[in-house]
Every structure is written in structure tokens, then in C-alpha cells.
K.L.:
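Dropping the structure in here first, questions after.
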Amino acid sequence: MSDRPETPILDRVAVPADMKTLSDRELEQLAHDVRAETISAVSETGGHLGAGLGVVELTVALHAVFDAPKDRIVWDVGHQCYPHKILTGRRDRIRTLRCEGGLSGFTKRSESPFDPFGAGHSSTSISAALGFSVARDLGGAPEHGIGDAVAVIGDGSMSAGMAFEAMNNAGHLNRRLFVILNDNDMSIAPPVGALSSYLSRLYAEEPFQELKAAAKGAVSLLPEPFQEGARRAKEMVKSMTVGGTLFEELGFSYVGPIDGHDMDSLLSVLRTVHDRATGPMLIHVITKKGKGYAPAEAARDRGHATAKFDVASGKQHKAPSNAPSYTSVFGKELVRLATEDGKVCAVTAAMPDGTGLNLMAERYPSRCFDVGIAEQHGVTFAAALAAGGMKPFCAMYSTFLQRGYDQVVHDVAVQRLPVRFAIDRAGLVGADGATHAGSFDIAFLANLPDMVLMAAADEAELMHMIATAHSINDRPSAFRYPRGEGVGVELPEKGEVLEIGKGRMIREGARVAILSFGTRLAEAEAAAEALSARGITPSVADARFAKPLDRDLILSLAENHEALITIEEGAVGGFGSHVAQLLAEEGVFDTGLKFRSMVLPDTFIDHASPARMYEDAKLSAKDIEAKVLDVLGVAQIGEKRA
């Protein structure tokens, strides 16, 4: 296309090996080309823009100095990897990012040998890099071999406990590995916590540090005759400035902070540490999220996630909304409850905007807590808020709540503390793919004693479930809802408290009953309409609760129908499994009931649109229709022909 940028140096680079012959000035020009290509590609696909723009120079420098894929470069989190993908043989597919059949928006082992470790969730890279380093030293011999291991970790990711667990272990093992701290003072939301303040002080109180000032940090890199004097100078410097002492106490040699957009500094430092390091190194790099693209630099989130956009103006091309999003409905209803009840408070883990809690933070900042990328801490913090007499709502994506599961069990459920879990991004989420799918929360929450677990069929039901959770003060509760727009139903003025463990009949029919848990209800109703044209009139019910189950409703449906089909947006082991357990215990199967359970397939579904992903999962209206016909033994057109 004629409007694509001119990239003369990038046009000569298909894989990192092609960079080895480039001069430093050409590498600088290459970074310019990569930035232009990244902006152009994301303008066509949408995706995570700001993070990649912030690491363009760092990406070029890393691939110029290290030898991937033998050297393992692990990106944490993977959404900063678009420039990396452009330089590692995937430029011809970069405009398929996050599209069905196209490139993943994160690093993905099955996609390229240059992606040695997937990272859709944060704070895993140092553990992975250490694992690669130990595998190398123990003689591991995977394809492409193992050379150096490099973890590129954002300052937001560094706030999670797992990163420090890994650094503590790496310092103890003393293996050669490199941690690049990509400090852009902005992960998704503005960073919070003491570590962020510490890194900010490092930046403010020390000038950008060239390697010749290594007395402040990596003494081991200096020639032996200079090391003793450097050690004495280092201790003197430490008495005057914070320096890198936090990292050094964990066993890392520290270099930095250095300007992550100064190619000369990056190349000089990386070449030196590559040639001389013997143990774990931490290189502190200051970058700017959204660097080099004015609309991203000006945005509150620095262009973290964007729809398709016009490159010249930065204006995003967003489809018009037909209904409010589930997330916005949650955010507004929580603010309403907080206005009425001063005990209501909220906890999220680095996702205030994504969970809708930005509304609560603006209105009631003293009762809204962003704990950073620290789900384990967030859950236990919420548990103690509940024990202290508050009414906490812990708002996390389903996929991220997985990271705090032990705390859900040990700190919340065992103690019967009334934490209210608002589980966003339930079910399949579209372009972010398998790493962000909310597939497992029904199964891992419904098996907990005394847990109340709800799923909203539409946005009005979500309001009722928020109100219901608010009313539960003697045990934990959870309600789940998907990404994206609601169904478009009329919203009540406020949510009403539901009777615990009671579902609702949607339509009365005969022969077969469809029992839905969650937003597949609309698809079940569409299937029922299509079946009515065949003279089949299924009953349709909305379970509302996976725990406690509506025993009376389920047994009534079983008694009055030949067949019962459950459907949910979750993996096997969830709602349908609990219904089957109830039916088995009641001896219903002994009388010949036909039972089917429609769940997500036992595989990780690749990214596409949510609608297409549910088609792949065979949970669409036509799949429900086919399931009904199959269980009733009715032949479908084109099938069972001789």
C-alpha cells in the first residue's frame, strides 16, 4: 500500500542475523523504521501500541548484541513484543496481529522459535530466564540450543511478588543471566506502591549512568586491578544516594539507570555486560511508553490498548455501541452502592479502567484500592477488609484471579469471609486469546464450600447480582460477566436482591429443557426460536446460580422433560458437572433422563472474534439447536442419508 511508511533499513532485515552487519548509525535508523512499521501495523489491526513503541530501541539493541533464538529473550508482559516480531521473521504477517488465524498479540512458543516463552500474564520472565540459564548449565539441548537468557520486565510487572521470588533465587544460584528492567513508570494504569516510588527516586536522584560510573553498581565488570578501588568508591556512593542497593542485596550486579531511547548508550552497556558478566545482571533502562507517536504519548494510558486508528490524527475507529458494556454497568452500580453504604470498598490489581473501578476511584478514592500486579495480595487484603467490617468488592479478570486462587481458598473461603468477587472477562474474550480467556473460574469456585456463585445472563441481571452480593455478609460470593456490550435490555433504576440459589423460567415448553448459566441464554433463546419452526418447543431456564444450585428447578425440569441440556461459558467441571452430580445423587438417571452438558472444549482456543470463538467451541445458537435435535433423535437436513 502506498500509505505505508518507507523503511529502507528494515527492508534489509528479515531475521536478527541480518542486523549483525549493520553499523551503529544504521541500527539507529533501523529503530526509526521499526517504530514507523509498528504504528502503521497497529493502525490497521488495533492492539497494544504504547508498550511496543517504548521498547523499539531496546529491541533493536538486544537483537544486535545477543544471538536469538539461541539466546533466549523473554518479554514480560508479551504485549511489548510487536517490534520483536517485526524483526524476527514475522513482518510479512504483522498486519494479522490479533486477527483470526494471524499472529498472537503476545509471545507464543508455537508461533516462532524467537518466542522462547509465552507471556500473557505478567512477572514470569525472571523465573523463566533463570530456568533457561540452569537448563543451559545442566546440559539441556533443545532445538536452537541455549545461550544467554534475557528477561525484559516492565516496572509494573516487577511489582508482583513472583518477580522478587525469582530474583532472590537467581541471586542465590548466581548463574549468568540478564534482567532488563524496562522502567516506563506506566504499565497499564499509572504504577502504584513503594517500588514505583523507589524507581522514581533512582531516576530523579541519579543522572543517566554510563558504564564508566560502575562504582555505583557492577563492580564485577571492571578489570581486576580496578575492582578494589571501585568497591571502596561504591560504598562511599551508597552513603550518599539510593543507587541500586535493593537489587544488589538480592544478588544482582546493577547497572543504570540508562536512557532506553539512546541507542549509543544501550549498545555500549549491552555489549559490555554481554562480554564481561559472570553472574546475574540487572540493567535498569528508562523508557517512555508510546515514544515517538504523539497521540500515544498524550493519551492517559500512553496508547496501551487501541482500536484501529488514523495514523495522522490518532483518531480511533471504534464501532458504535448498541448497549452499555458489562464493565461500565458494574462500575456505575458499584458507585451507586458506595454512595448508599459507606462500608462498600473496592480492590483491583492494576486494572482500574479494565474493571470499571476508575469510576469508584474518582468518586471515592479513599475506598478504592489498586494494589498493582499483585492478585495474591489483593485477595488477602480484601479478606482482611471484610474481617475488619468493610464490604469489599474484589474486581479482577477471571484469568488473573487464577493467580490468587490459594488466597481465595485459604484466606477467604476457609474463614467464610464475605469478599465479593466481581469476575470480569468471563468466558472467551476475543483478540487476547487463550491467555486471557475466563474458562476456569466456574469450576474452581463452585467446588468451594459456602461460596455463592452467580453468572449474569444480561446487563440487568448483572445489576441484580451486584446488589445480591452486597447483601451477603456471612460468606463469600462471586458473580461473573463477559467482556463487551450487554444484550441491550432495559436497565432497572437499581439492582434488586435475588433469592439465593433460585433460577428463573424463561419459557415453558415440552420434551427438552435448556438450562443456561450466564450469557449463553440469548443463544439458547435463539435456538428455541429456530426449533419452534420444526415443531419443537424447548423449555428454557436461566440458572442464575451455580452454587447453591436451584434444586427444585433442576429436578422439576428433569421430571417434566425427556432431556435436559446445560450450557455455560466455562470448562468441564463447572456448572453442568454440579447439575449432573445432583441428578445422580437423586437417582434421576435411573429413570432414563437424557442429559447433555455443553461446555468449552478441552483445548485452548486461539484468538479470533468472540462470536467466532464460540462457534469454534460449538456453543452458538446453531450448536444448541443441533444438540437438541441430536438428543431427541431428530435427523437434520443433510444428515443420516443413505
Side-chain angles (χ1 to χ4, degrees), residues 398 401-402 405 408-409 412-414 416 421 423 426-427 438-457 465 468 472 475-480 498-506 511-521 524 538-603 617-619 623-624 627-628 630-632:
S398 170
L401 183 60
Q402 293 165 187
Y405 184 59
V408 173
V409 176
V412 177
V414 170
R416 286 181 60 99
F421 292 99
I423 305 175
S439 306
F440 308 113
D441 58 275
I442 304 173
F444 70 60
L445 291 175
N447 61 12
L448 298 178
D450 298 313
M451 175 69 74
V452 176
L453 178 57
M454 302 170 271
M465 291 175 182
T468 304
I472 299 173
R475 52 188 154 161
S477 59
F479 50 94
R480 73 192 309 261
L498 303 174
E499 184 178 354
I500 302 298
K502 290 297 178 183
R504 57 178 179 146
M505 286 300 301
I506 303 300
R511 297 192 67 191
V512 61
I514 303 170
L515 180 58
S516 174
F517 181 63
T519 57
R520 289 295 94 188
L521 180 63
S539 295
V540 178
D542 175 14
R544 281 180 166 163
F545 294 84
K547 191 159 191 176
L549 289 172
D550 189 338
R551 176 191 180 89
D552 294 339
L553 174 64
I554 293 167
L555 294 179
S556 174
L557 292 173
E559 181 180 357
N560 295 301
H561 297 82
E562 299 172 33
L564 174 61
I565 299 171
T566 64
I567 183 165
E568 64 197 284
E569 295 161 328
V572 65
F575 172 68
S577 297
H578 283 260
V579 172
Q581 179 75 13
L582 170 64
L583 296 173
E585 288 179 350
E586 293 296 320
V588 175
F589 294 133
D590 303 347
T591 62
L593 176 74
K594 297 176 181 177
F595 177 76
R596 302 290 186 272
S597 181
M598 299 182 72
V599 298
L600 292 176
D602 190 24
T603 187
K618 299 194 179 304
L619 293 178
D623 298 303
I624 301 170
K627 184 69 72 174
V628 170
D630 178 69
V631 76
L632 294 179

K.L.:
Roughly how far apart are K547 NZ and S477 OG, rounded to 0.5 Å?
P.N.:
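Here the interatomic distance stands at 13.5 Å.
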K.L.:
Determine whether L619 and M598 satisfy the following criterion, side-chain contact (heavy atoms from CB on, under 4.5 Å), listing intermediate values before the conclusion.
P.N.:
CA-CA 7 Å; L619 293 178; M598 299 182 72; 3.7 Å; yes
K.L.:
For K618, look at atom NZ and say whether over 12 heavy atoms of other residues, nucleotides or ligands are found less than 6.0 Å away.
P.N.:
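No, because the 6.0 Å sphere around NZ of K618 holds 12 heavy atoms or fewer from other groups.
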K.L.:
Can you name the side chain to side chain contact (heavy atoms under 4.5 Å, CB included) partners of A446, sequence neighbours left out?
P.N.:
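Per chain and number, A446 pairs via side chain to side chain contact (heavy atoms under 4.5 Å, CB included) with L453, H578.
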K.L.:
Can you name the closest pair of heavy atoms from P476 and A413 and give their distance?
P.N.:
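Heavy-atom minimum between the residues: CG-CA, 4.2 Å.
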K.L.:
Heavy atoms only: give me the nearest V572-A443 pair and the separation to one decimal.
P.N.:
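So the minimum-distance heavy-atom pair works out to O-CB, 4.3 Å.
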K.L.:
Verify, without hydrogens or angle tests, whether S516 (side chain) and L521 (backbone) share a donor-acceptor contact under 3.5 angstrom.
P.N.:
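Answer holds: yes.
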K.L.:
Where do A541 and M505 come nearest, in terms of heavy atoms and distance?
P.N.:
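Heavy atoms only, the tightest pair is CB-SD, 3.8 Å.
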K.L.:
If I take atom CG from residue N560 and atom CZ from residue R511, how far apart are they, to the nearest 0.5 angstrom?
P.N.:
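Here the rounded value is 14.5 Å.
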K.L.:
Are I442 and F517 close enough, and set up right, to give a side-chain contact (heavy atoms from CB on, under 4.5 Å), and what steps lead you there?
P.N.:
CA-CA 10 Å; I442 304 173; F517 181 63; 3.9 Å; yes
K.L.:
If you measure from CG on L564 to OG on S556, what distance do you get to the nearest 0.5 Å?
P.N.:
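It comes to 10.5 Å.
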K.L.:
Could you measure the distance from the CZ atom of R544 to the CG atom of L553? Nearest 0.5 Å is fine.
P.N.:
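If we round to the nearest 0.5 Å, R544:CZ and L553:CG are 10.5 Å apart.
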K.L.:
Report the distance from atom OH of Y405 to atom CG of D441, rounding to the nearest 0.5 Å.
P.N.:
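With rounding to 0.5 Å, OH (Y405) is 11.0 Å from CG (D441).
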K.L.:
Throw together a table of side-chain donor-acceptor distances under 3.5 angstrom for residues 582-591, partners on residues two or more places apart or in other chains.
P.N.:
| unit_1 | atom_1 | unit_2 | atom_2 | d |
| --- | --- | --- | --- | --- |
| E585 | OE2 | Q581 | NE2 | 3.1 |
| E586 | OE1 | R551 | NH2 | 3.3 |
| E586 | OE2 | R551 | NH1 | 3.2 |
| E586 | OE2 | R551 | NH2 | 2.5 |
| T591 | OG1 | V588 | O | 2.7 |

K.L.:
Can you list the steps and then say if F444 with V409 is a side-chain contact (heavy atoms from CB on, under 4.5 Å)?
P.N.:
CA-CA 10 Å; F444 70 60; V409 176; over 6 Å; no
K.L.:
Using modelled atom types only, decide if a donor and an acceptor are shared between the side chain of E568 and the backbone of G576 within a distance under 3.5 Å.
P.N.:
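Yes, because the side chain of E568 sits within donor-acceptor range (under 3.5 Å) of the backbone of G576.
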K.L.:
Please report the shortest heavy-atom distance between M454 and F545, naming the atom on each side.
P.N.:
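That closest heavy-atom pairing would be CG-CE2, 3.4 Å.
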K.L.:
Could you tell me whether the side chain of R520 reaches within less than 4.5 Å of the side chain of I514, counting heavy atoms only?
P.N.:
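They are not in side-chain contact.
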K.L.:
Going by side-chain hydrogen bond (donor to acceptor under 3.5 Å, both in side chains), name the residues that satisfy it together with D550, two or more places apart in sequence or in a different chain.
P.N.:
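Scan of D550 (side-chain hydrogen bond (donor to acceptor under 3.5 Å, both in side chains), adjacent residues dropped) gives none.
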K.L.:
Applying the side-chain contact (heavy atoms from CB on, under 4.5 Å) test to F421, which of V452, L445, V412 qualifies?
P.N.:
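Exactly one pass, corresponding to V412.
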K.L.:
Look up atom CD1 in I423 and atom CZ in F479, then write down how far apart they are to the nearest 0.5 Å.
P.N.:
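Answer for the CD1-CZ pair, I423 versus F479, is 8.5 Å.
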K.L.:
Output every pair passing salt bridge (charged side-chain N to carboxylate O under 4.0 Å, His left out) with a member in residues 444-453, not counting sequence neighbours, ordered by first then second residue.
P.N.:
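Every salt bridge (charged side-chain N to carboxylate O under 4.0 Å, His left out) pair that includes a residue of residues 444-453, provided the two are not neighbours, is R416-D450.
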K.L.:
Ignoring hydrogens, what is the shortest heavy-atom contact between S439 and S398? Give both atom names and the distance.
P.N.:
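Closest approach of S439 to S398, heavy atoms only: N-OG, 4.3 Å.
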K.L.:
What residues form a ring pair (Phe, Tyr, Trp, His ring centres under 6.0 Å) with F440, not counting sequence neighbours?
P.N.:
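Testing F440 for ring pair (Phe, Tyr, Trp, His ring centres under 6.0 Å), a comparison that skips the adjacent residues, returns none.
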K.L.:
Less than 4.5 Å apart, any side-chain heavy atom of L515 and any of I567?
P.N.:
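Of all side-chain heavy-atom pairs linking I567 with L515, none is under 4.5 Å.
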K.L.:
For T519, which residues count as a side chain to side chain contact (heavy atoms under 4.5 Å, CB included) partner, sequence neighbours excluded?
P.N.:
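Here the qualifying residues are Y326, P482, E569.
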K.L.:
What closest approach, in Å, do F595 and A580 show between heavy atoms, and which atom pair accounts for it?
P.N.:
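It is CE2-CB, 3.7 Å.
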